[in-house]
Amino acid sequence: MSNDRVSWETYFMNIAREVATRSTCDRKHVGAVIVRDKTILSTGYNGSIKGLPHCDEAGHEMVEGHCVRTTHAEANAIVQAAKNGVKIDSAEIYVTASPCYNCFKLIANSGIKIIYYHEFYRDDRILDRAKEVGIKLVSLED
């Protein structure tokens with residue numbers, strides 16, 4: 001019998017990659033999966049406000065080089081948990097790209113303790129803030 005099973009980290013990051021395929025902003029497809037005790041609590045991807053046209057339908061809403069039409073994957077995963085009454089305190093989040101500063105603040109205030117990311121994306125501020133608040137940042141880059 002062979003032990004070819006992927007690690008839990010790879011398993012959940014693979015799921016985050018699949019979640020990212022639902023993204024509706026073609027500038028960056030991002031997926032997030034919130035997990036506690038090897039159980040998926042919530043998922044999210046970057047997309048427009050519910051009921052409004054997506055970037056792939058209405059175009060991008062650009063501010064300082066960023067599309068602001070979408071809500072980020074991490075924020076959507078946190079909102080989905082809240083909407084469904086799912087406690088995410090002391091959970092972990094798997095994200096295909098490291099969080100922006102605003103999403104990092106949401107993650108920190110939600111009680112998530114570990115952030116796994118595949119690609120480091122833009123914002124070095126999260127490195128110092130994570131150390132200050134005791135959140136573990138784990139790179140799963142290939």
Side-chain angles (χ1 to χ4, degrees), residues 3-142:
N3 191 7
D4 292 333
R5 294 171 54 171
V6 297
S7 68
W8 285 108
E9 291 83 8
T10 299
Y11 173 73
F12 290 122
M13 188 57 73
N14 286 345
I15 293 170
R17 284 189 187 109
E18 187 64 27
V19 171
T21 67
R22 293 281 307 152
S23 293
T24 61
C25 183
D26 58 5
R27 291 178 51 83
K28 187 95 176 144
H29 291 197
V30 180
V33 178
I34 300 175
V35 174
R36 187 177 47 247
D37 298 327
K38 297 181 179 70
T39 301
I40 295 172
L41 304 175
S42 184
T43 65
Y45 55 87
N46 53 326
S48 292
I49 296 170
K50 187 175 181 178
L52 294 183
H54 297 285
C55 295
D56 56 5
E57 300 164 335
H60 300 288
E61 188 177 331
M62 300 300 293
V63 175
E64 298 177 6
H66 299 278
C67 179
V68 297
R69 179 177 291 280
T70 63
T71 302
H72 290 182
E74 307 92 321
N76 274 327
I78 291 167
V79 166
Q80 284 302 312
K83 185 177 174 184
N84 292 303
V86 177
K87 178 182 171 187
I88 59 173
D89 189 40
S90 299
E92 306 169 347
I93 189 168
Y94 291 79
V95 192
T96 57
S98 62
C100 71
Y101 194 49
N102 285 331
C103 285
F104 175 81
K105 292 184 283 185
L106 291 174
I107 290 167
N109 284 352
S110 75
I112 290 172
K113 299 299 182 193
I114 303 175
I115 302 169
Y116 294 93
Y117 63 90
H118 179 257
E119 166 196 0
F120 190 82
Y121 188 67
R122 295 188 184 196
D123 207 324
D124 289 332
R125 292 177 291 183
I126 69 170
L127 301 173
D128 291 332
R129 296 298 91 74
K131 286 179 189 170
E132 290 171 357
V133 298
I135 292 176
K136 187 175 178 184
L137 280 171
V138 180
S139 171
L140 297 178
E141 292 185 81
D142 298 333

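All values below were derived from every heavy atom in this structure, side-chain atoms included, with hydrogens, water molecules and symmetry-related copies excluded. Predicted model only: the values in this text are computed from it and were never measured.
Side-chain atoms of Asp37 never come within 3.5 Å of backbone atoms of Thr39 as a donor-acceptor pair (strictly under, hydrogens ignored). Side-chain atoms of Asn76 come within 3.5 Å of backbone atoms of Tyr45 as a donor-acceptor pair (strictly under, hydrogens ignored).
For the side-chain hydrogen bond (donor to acceptor under 3.5 Å, both in side chains) condition, the pairs that include at least one residue of residues 90-110, sequence neighbours left out, are Glu92-Tyr94, Asn102-Lys105.
Shown here is Glu119, whose CD atom has more than 12 heavy atoms of other residues, nucleotides or ligands within 6.0 Å. By the neighbour-count criterion of 12 heavy atoms within 6.0 Å, atom CZ of Arg36 is densely surrounded, having more than that number from other residues, nucleotides or ligands.
Between Pro53 and Ser48, the shortest heavy-atom distance links the atoms O-OG, 3.0 Å. The minimum heavy-atom distance between Cys103 and Glu74, with the atom names listed, is SG-OE1, 3.7 Å. Scanning all heavy atoms of the two residues, the minimum distance from His60 to Cys67 falls at ND1-SG, 3.6 Å. When all heavy atoms are compared, the tightest approach of Pro99 to Ile107 is CG-CD1, 3.9 Å. Ile88 and Ala81 make their closest contact through CG2-CB, 3.6 Å (heavy atoms, listed as atom of the first residue, atom of the second, distance).
Using a 4.5 Å heavy-atom threshold, the side chains of Phe120 and Leu127 count as touching. The shortest side-chain heavy-atom distance between Arg27 and Cys55 does not fall under the 4.5 Å cut-off. Looking at Arg125 and Phe104, their side chains never come closer than 4.5 Å, going by heavy atoms from C-beta outward. When side chains are defined from C-beta on, Val30 counts as touching Val95, because their heavy atoms get closer than 4.5 Å.
In this structure, Leu140 CG and Met13 CE are separated by 4.5 Å, a value rounded to the nearest 0.5 Å. A distance of 11.5 Å separates NZ in Lys50 from CG in Leu52, rounded to the nearest 0.5 Å. For the atom pair CD1 (Ile34) and CD1 (Ile112), the distance works out to 4.0 Å, reported to the nearest 0.5 Å. We find the CD-CG distance between Gln80 and Leu41 to be 13.0 Å, quoted to the nearest 0.5 Å. Taking SG from Cys100 and CZ from Arg122, the interatomic distance works out to 10.0 Å, rounded to the nearest 0.5 Å. Atoms OG and CD1, on Ser42 and Ile93 in that order, are 8.5 Å from each other to the nearest 0.5 Å.
The side chain to side chain donor-acceptor pair (under 3.5 Å) test with His54 singles out one residue from Asp26, Thr24, Asn46, Thr70, and that residue is Thr24.
Taking the six-membered ring where the residue is Trp, Trp8 and Tyr11 present perpendicular rings, their angle passing 60° and hence far from 30°.
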